[in-house]
**Student:** 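One structure coming up, written as structure tokens, with questions to follow.
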Amino acid sequence: MPGLTIGDTVPNIQADSTHGKISLYDYIDGSWAIIFSHPGDFTPVCTTELGMIAAQAEEFAQRGVKLIGLSCDDVQSHTDWIKDIEAYNNGKKVTYPILADPKGELIKELNMVDPDEKDSSGRAVPSRALHIIGPDKKVKLSFLYPASTGRNMEEVMRVLESLQKAAKHKVCTPVNWKPGEACVIPPNVTNDQAKQMFPQGFETLDLPSKKGYLRFAAV
Ligand code: BEZ
């Protein structure tokens, strides 16, 4: 079973959380969402990651994104651990819910299991997985990092901006793109369509093949 991946509709999971019972579809409510798992509470790398996500929560909210954490610990553990995350993070509050998955069912459903990590009783634990969900409830981007490697939240923000740019303007973003830089016109857009889409103009690179497929536009 490949499990939840890009293009799939996220299941409407129901779970206890630090914000009470959560029904995922009600919580997302037509917004973008980022659901991210961590291997376990009271662990060092996870503390730095969830602290950084708390620090960026307002920036995600400005982009219309709901955040949801998840691990196999219970709600009481999450609630106790949040005090450490906030203290580490200079008092910045963890305002997003963290779901409890003590039976390890949600992490399977959401394709977040780390095959190489087990808890002390030999049970599967989550990887550092992250799914970006679009307003249509479909997975737009996924990644799974091992427990040893903390995620780069600046990269998460960058790819979110790329996804939102692509959804709004029907463009792609090239290698190492950053917000504000030129975007790429997708290959399935003809030059006539591109003239309509980008009345301010676009640049076609002159490459040896003369195929004219590498086109940049500012949007
Ligand atoms: C950590 O967050 O530091 C961590 C968690 C599980 C395994 C290894 C590291």
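Counting starts at 1 for both ligands and their atoms, following the listed order. In what follows, every heavy atom counts, from backbone to side chain, and hydrogens, waters and symmetry copies are set aside. For this chain, numbers begin at 1 and follow the sequence in order.
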**Student:** Put together the list of close N/O pairs, under 3.5 Å, between ligand 1 and the protein, could you?
**Tutor:**
from     : atom 1 : to   : atom 2 : distance (Å)
ligand 1 : 2 (O)  : T43  : OG1    : 3.0
ligand 1 : 2 (O)  : V45  : N      : 3.1
ligand 1 : 2 (O)  : C46  : N      : 2.9
ligand 1 : 2 (O)  : R128 : NH2    : 3.0
ligand 1 : 3 (O)  : P44  : N      : 3.4
ligand 1 : 3 (O)  : V45  : N      : 2.8

**Student:** Show me the side-chain donor-acceptor pairs of residues 154-161 shorter than 3.5 Å, one per line, residues at least two apart or across chains.
**Tutor:**
from : atom 1 : to   : atom 2 : distance (Å)
E155 : OE1    : R158 : NE     : 2.7
E155 : OE2    : R158 : NH2    : 3.2
R158 : NH1    : W177 : O      : 2.8
E161 : OE2    : R63  : NE     : 2.7
E161 : OE2    : R63  : NH2    : 2.9

**Student:** Is it possible for you to check whether K66 lies under 6.0 Å from the centre of the six-membered ring of Y27, through NZ or CZ, and within 45° of that ring's axis?
**Tutor:**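 Relative to the ring axis of Y27, which defines the angle, K66 lies inside both limits.
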**Student:** Going by atom type alone, with no hydrogens or angles, which donor-acceptor pairs under 3.5 Å involve a side-chain atom of residues 75-86 and a protein atom two or more places apart or on another chain?
**Tutor:**
from : atom 1 : to  : atom 2 : distance (Å)
Q76  : NE2    : D80 : OD1    : 3.0
S77  : OG     : D41 : OD2    : 2.7
H78  : ND1    : D41 : OD1    : 3.2
H78  : ND1    : D41 : OD2    : 2.7
H78  : NE2    : L99 : O      : 2.8
T79  : OG1    : V75 : O      : 2.8
W81  : NE1    : T47 : OG1    : 3.0
E86  : OE2    : V94 : N      : 2.8

**Student:** Keeping T18 on the side-chain end and I98 on the backbone end, is there a donor-acceptor pair under 3.5 Å?
**Tutor:** yes
**Student:** Look only at the side chain of S71 and the backbone of G40, and say whether a donor-acceptor pair between them is shorter than 3.5 Å.
**Tutor:** no
**Student:** Under 3.5 Å, side-chain donor or acceptor atoms of residues 181-196 against the rest of the protein: list the pairs with distances, not counting sequence neighbours.
**Tutor:**
from : atom 1 : to   : atom 2 : distance (Å)
E181 : OE1    : K178 : N      : 3.1
T190 : OG1    : Q193 : N      : 3.0
T190 : OG1    : Q193 : OE1    : 3.3
N191 : OD1    : R215 : NH1    : 3.0
Q193 : OE1    : T190 : N      : 2.8

